[in-house]
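Before any comments, here is the structure.
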Amino acid sequence: MVVEFPFTRSLGPVQSAFLTGLRERTLLGVRTEAGRVLVPPVEYDPETAAELSELVELPTTGTVTTWAWNPEPRPGQPLATPFAWVLVRPDGADTALLHALDAPGPDAVRTGMRVRIRWAAERGGAITDIACFEPYEATDAPEAAAPHDGGFADPVTGIVAHARLDYTYSPGRAQTRYLQGLSERRTVGERCPSCAKVYVPPRGACPTCGVATTDRVEVGPRGTVTTYCIVNIKAKNLDIEVPYVYAHIALDGAGLALHGRIGGIPYDQVRMGLRVEPVWSEGGRYPDHYRPTGEPDADYDTYKELL
Amino acid sequence: MSREVAIVAFAQTDHTRRTDELSEVEMVMPVLHEVLRQTGLKTSDIGFTCSGSSDYLAGRAFSFTMALDGVGAWPPISESHVEMDGAWALYEAWVKLLTGEADTALVYSYGKSSPGSVRDVLTRQLDPYYVAPLWPDSVALAALQARALIDAGDTDEPALARIAARSRQDAAANPHAQLPGARPQGEHVVAPLRTGDCPPIGDGAAAVILAAGDRARELCARPAWITGMDHRIEAHSLGVRDLTDSPSTRLAAERAGAFERPVDTAELHAPFTSQEVVLRKALGLGDDVRVNPSGGALAANPVMAAGLIRIGEAAARIHRGTSDRALAHATSGPCLQQNLVAVLEGDSHE
């Protein structure tokens with residue numbers, strides 16, 4: 001199971017100037033009322049909450065304040081070869097920036113060592129425009145921070161924060177049994193030992209009684225439409241012609257309705273009480289849709305508790 | 001403070017590397033039933049229910065609503081959730097009881113780290129502009145803190161190894177622990193932290209029942225009275241913090257009254273050995289205080305439950321009469337970013 005979310009985030013004036021600056025190979029900090037220079041810059045003073053806007057340009061050299069040797073880089077990290085995570089205090093700044101340091105091995109890294117920015121070849125206004133830091137043993141005195149108005153042509157106003165996480169989902173005891181049943185084209189619910197309600201699909205617990213559901217009960221395959229709606233807007237990537245009917249279907253023996261699409265009948269003839277049965281497609285892991293059985297409609301009293 | 005509130009019951013799962021055979025609600029339900037059994041309460045007797053968990057661990061939105069099935073939420077209950085460790089859910093429940101809006105509360109939390117890669121998952125709680133795009137994992141950030149401590153002369157690798165060994169040794173007496181007994185310290189994961197300096201990755205859940213005043217005395221022979229609780233947060237940017245100290249922990253402890261009289265026990269939520277060094281320093285704990293007799297998070301670290309377990313373990317020692325005044329600490333976020341301190345006391349022995 002993959003969860004991906006490319007969040008689009010807008011930037012405030014200070015973040016915009018900082019990230020645009022990185023694109024232009026310019027390192028910016030922000031000065032607080034107390035005269036401290038914060039890098040990376042923030043819009044509000046972490047100590048006083050005062051709004052900050054006085055940007056300063058800093059040299060691209062700095063000093064390692066702490067570090068950690070990463071022998072096995074993980075996906076998405078700045079370097080694919082072993083590297084040091086570092087907090088670097090840029091010259092002229094009072095705080096440190098987290099990034100990677102490209103070094104041949106842990107013996108080549110120490111707190112207090114001098115480093116400089118290695119810019120990424122392609123930059124678009126993101127913290128990754130700094131490819132990494134690299135050792136820099138020049139002895140010339142670092143330049144001081146200089147005022148900067150934060151103005152750039154074509155400023156970056158947003159970032160897309162890509163995130164991808166991979167999961168191996170394990171559905172647990174009850175849902176595993178349910179899925180096993182579906183693979184045999186059977187629908188298996190579970191009964192609450194306390195209130196006797198049959199849950200389909202079962203999740204392992206009766207949400208009313210707060211106890212484990214344990215007895216397996218095969219329900220359906222036929223059922224009754226308890227309520228429905230007519231879908232008139234085509235969903236993206238959905239290969240079903242509109243309008244179509246989406247319904248709540250109480251399978252025979254089930255204590256609550258599940259939902260499914262109704263086919264095999266014109267959309268405007270679907271009704272509450274319609275008796276339906278599942279239609280499986282070749283290789284389908286669950287019913288593709290439900291169609292009328294041709295039986296007389298169910299009496300309202302037989303399903304009114306399941307609405 | 002006008003109202004007395006106590007922890008009257010605590011239960012936790014056995015913590016294991018994987019629980020593939022269980023869904024979250026299936027994992028949580030036994031501990032919910034266990035705390036109810038200890039007190040003789042039914043769900044319908046509980047005034048307020050609060051839980052802690054994380055959708056990022058579950059890989060699914062609103063995952064806590066599924067776990068709520070294990071409580072029995074009909075007739076409708078008064079319920080809340082925090083997307084944090086259950087220790088913060090306990091804080092919310094404590095406030096609810098202090099206001100007099102409820103007399104009892106059920107607090108639970110759970111985490112299944114096994115479906116995903118927790119080192120990567122936790123990067124998603126970081127600043128999305130400047131930090132998260134670099135994917136610095138939880139061990140890397142803890143290792144930066146460990147190096148800062150070593151550079152400051154607060155610890156060294158052998159001292160960290162002794163913390164690891166003591167924790168796992170203590171966990172040998174904890175039937176729920178994931179890593180009981182001696183372990184090799186292992187290779188560097190992210191230097192200076194070795195395998196032994198890092199918490200196990202695993203799944204687990206915990207539950208606690210709180211009660212106020214005489215209700216607590218009815219439900220528990222020796223209630224663990226919460227005499228104070230407070231939580232504080234550091235500035236979010238790691239580079240503006242002194243990583244060798246935890247002023248937020250110290251302030252929370254001060255506000256919770258921890259320094260008014262000595263404690264005999266401290267359950268510290270320190271998933272990494274180096275974090276115990278920071279916390280001991282911030283709290284001024286001497287060698288006379290029993291630290292993490294349960295083995296702590298180095299022996300079992302179900303994310304989102306490990307902090308609540310610290311409070312539960314401290315309370316359980318008071319219930320058993322092996323502690324009279326205990327400090328419990330929970331943390332969340334990178335490098336001890338957020339910290340909660342609770343002070344628990346038992347009625348004096350007669």
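Note that the structure is predicted; figures quoted are calculated from it, not measured.
Two residues are said to be in side-chain contact when any heavy atoms from C-beta on lie closer than 4.5 Å; A:Ser170 and B:Lys112 meet this criterion. With a 4.5 Å cut-off on side-chain heavy atoms, B:Val121 and A:Tyr167 count as touching.
Interatomic distance, A:Thr213 OG1 to B:Met29 CE, rounded to the nearest 0.5 Å: 7.0 Å. Distance CZ/B:Arg60 to OH/A:Tyr169: 4.5 Å, rounded to 0.5 Å. Going from atom CG of B:Asp120 over to atom CG of A:Asp166 covers 9.0 Å, rounded to the nearest 0.5 Å.
Proximity to chain B (any heavy atom under 4.5 Å) is restricted, for A:Val86, to the backbone atoms N, CA, C and O. Interface remark: B:Val189 contributes backbone atoms only to the contact with chain A (heavy atom separation under 4.5 Å). Looking at B:Ala58, only its backbone comes within 4.5 Å of chain A, counting heavy atoms on both sides. Interface remark: A:His99 contributes backbone and side-chain atoms alike to the contact with chain B (heavy atom separation under 4.5 Å). For A:Pro171, the part lying near chain B is the backbone, with the side chain staying farther off; criterion is any non-hydrogen pair under 4.5 Å. Of the two parts of A:Arg173, the backbone and the side chain both hold a non-hydrogen atom closer than 4.5 Å to a non-hydrogen atom of chain B. Residue A:Ala126 does not touch chain B at all, counting heavy-atom pairs closer than 4.5 Å. Looking at A:Thr208, the atoms closer than 4.5 Å to chain B (heavy atoms on both sides) sit in the backbone and in the side chain alike. Heavy atoms closer than 4.5 Å to chain B are found in the side chain of A:Leu165, but not in its backbone. Proximity to chain B is absent for every atom of A:Arg177, based on heavy atoms less than 4.5 angstrom apart.
For an aromatic pair to be called close, the ring centres must be under 6.0 Å apart, and B:Tyr130 with A:Phe18 satisfies this.
A:Thr66 contributes a side-chain N or O that, together with a main-chain N or O of B:Leu144, makes up a donor-acceptor pair within less than 3.5 Å.
Across A:Ala161, A:Ala212, A:Gly76, the residue that shares the most heavy-atom pairs under 4.5 angstrom with chain B is A:Gly76. Looking only at heavy-atom pairs under 4.5 Å with chain A, the residue among B:Val240, B:Leu134, B:Thr123, B:Asp127 that has the most is B:Leu134. With chain B as the partner, the residue from A:Arg110, A:Arg203, A:Met1, A:Arg74 showing the most heavy-atom pairs under 4.5 Å is A:Arg74. If you tally non-hydrogen atom pairs under 4.5 Å between each of B:His33, B:His188, B:Met27, B:Arg119 and chain A, the highest count goes to B:Arg119. Counting heavy-atom pairs closer than 4.5 Å to chain B, the top-ranked of the candidates A:Asn70, A:Leu38, A:Leu98 is A:Leu98. Ranked by heavy-atom pairs under 4.5 Å with chain A, the list B:Thr19, B:Asp137, B:Ile77, B:Leu141 is led by B:Asp137. Residue with the most contacts toward chain A among B:Ala143, B:Pro192, B:Ser117, B:Pro136: B:Pro136 (heavy-atom pairs, distance under 4.5 Å). In terms of non-hydrogen atom pairs under 4.5 Å with chain B, the most contact-rich of A:Val88, A:Thr176, A:Val211 is A:Val211.
Here the shortest heavy-atom pairing between A:Gly204 and B:Glu26 reads CA-OE2, 3.7 Å. Listed here is the closest heavy atom pair of B:Trp135 and A:Ala163: CZ2-CA, 4.2 Å.
When each of A:Val42, A:Ile127, A:Leu11 is tested with B:Tyr129 by the rule side-chain contact (heavy atoms from CB on, under 4.5 Å), just one qualifies, namely A:Leu11.
Contacts between residues 63-73 of chain B and chain A, defined by a heavy-atom separation under 4.5 Å, are made by B:Met66, B:Asp69, B:Gly70, B:Val71, B:Gly72, B:Ala73. Residue-level contacts of residues 148-158 of chain B with chain A, in order of numbering, are B:Ala148, B:Asp151; threshold 4.5 Å between heavy atoms.
With a 6.0 Å radius and a threshold of 12 heavy atoms from other residues, nucleotides or ligands, A:Phe5 has its CZ atom above the threshold. Atom CD of B:Glu83 has more than 12 heavy atoms from other residues, nucleotides or ligands within 6.0 Å. Counting heavy atoms of neighbouring residues, nucleotides and ligands inside a 6.0 Å radius, atom CZ of A:Arg89 does not exceed 12 of them.
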